[in-house]
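What follows is a set of notes on a single structure, which appears directly below.
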Amino acid sequence: MPLTIGVVGLSHLGLVWSLGYASLGFKVIGFDTDTKTVADLNNGIIPVAEPKLPELLKDHRSSVTFSSNPTVLKDC
């Protein structure tokens with residue numbers, strides 16, 4: 001069972017870290033209080049411009065959970 005890493009805050013840096021960890025084979029829970037950001041990410045909409053980020057999200061989507069519910073972090 002892969003290690004689950006929690007990332008709090010899905011601004012530019014948090015999103016890069018989340019998808020970077022996922023690309024290394026970790027399960028990732030990305031948390032943010034901004035429900036629109038979380039909804040956009042869950043719909044494949046990335047709120048920042050960063051090379052290769054769209055491909056990382058597409059390729060590793062099954063390894064990442066995005067949520068605005070802080071209780072999901074207990075699984076990390």
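Heavy atoms only: backbone and side chains are in, while hydrogens, waters and symmetry mates are out.
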| message | Let me confirm one number: the CD-NE2 distance from Glu55 to His60, rounded to the nearest 0.5 Å. | response | 10.5 Å
| task | Report yes if the side chains of Phe66 and Arg61 come closer than 4.5 Å at any heavy-atom pair, otherwise no. | result | yes
| task | Check the hydrophobic clustering (I, L, V, M, F, W, Y; side-chain heavy atoms under 4.5 Å; chains of links allowed) and say if Ile29 and Leu3 are grouped together. | result | no
| query | Just how far is it from atom CG of Leu41 to atom OG1 of Thr65, taken to the nearest 0.5 Å? | reply | 12.0 Å
| said: In this structure, would Leu19 and Trp17 fall into the same cluster of hydrophobic residues linked by side-chain contacts under 4.5 Å? | reply: yes
| remark: With sequence neighbours left out, the residues meeting side-chain hydrogen bond (donor to acceptor under 3.5 Å, both in side chains) with Asn43 are none
| query | With sequence neighbours excluded, what pairs up with Ser68 under the side chain to side chain contact (heavy atoms under 4.5 Å, CB included) test? | reply | Thr35, Val38
| field | Donor on one side chain, acceptor on other, Thr71 and Asn69, under 3.5 Å | value | yes
| Pairs in or reaching into residues 28-53: which pass salt bridge (Lys or Arg N to Asp or Glu O under 4.0 Å), with residues at least two apart or in two chains? | Lys36-Asp40
| message | If I compare all heavy atoms of Ser63 with all of Phe26, which pair ends up nearest, and what's the gap? | response | CB-O, 3.8 Å
| request: Give the cluster check for Leu15 versus Val72: same hydrophobic cluster or not, with ILVMFWY residues linked at side-chain heavy-atom distances below 4.5 Å. | output: no
| Are Ile5 and Leu73 linked, directly or through other ILVMFWY residues, by side chains that come within less than 4.5 angstrom of each other? | no
| note | Value for CG (Leu57) from OG (Ser18), rounded to nearest 0.5 Å, stands at 10.0 Å
| field | Linked, directly or transitively: Leu24 and Leu53 (ILVMFWY side chains, under 4.5 Å) | value | yes
| task | Indicate the atoms forming the closest heavy-atom contact of Val28 with Ala22, along with that distance. | result | CG2-N, 3.7 Å
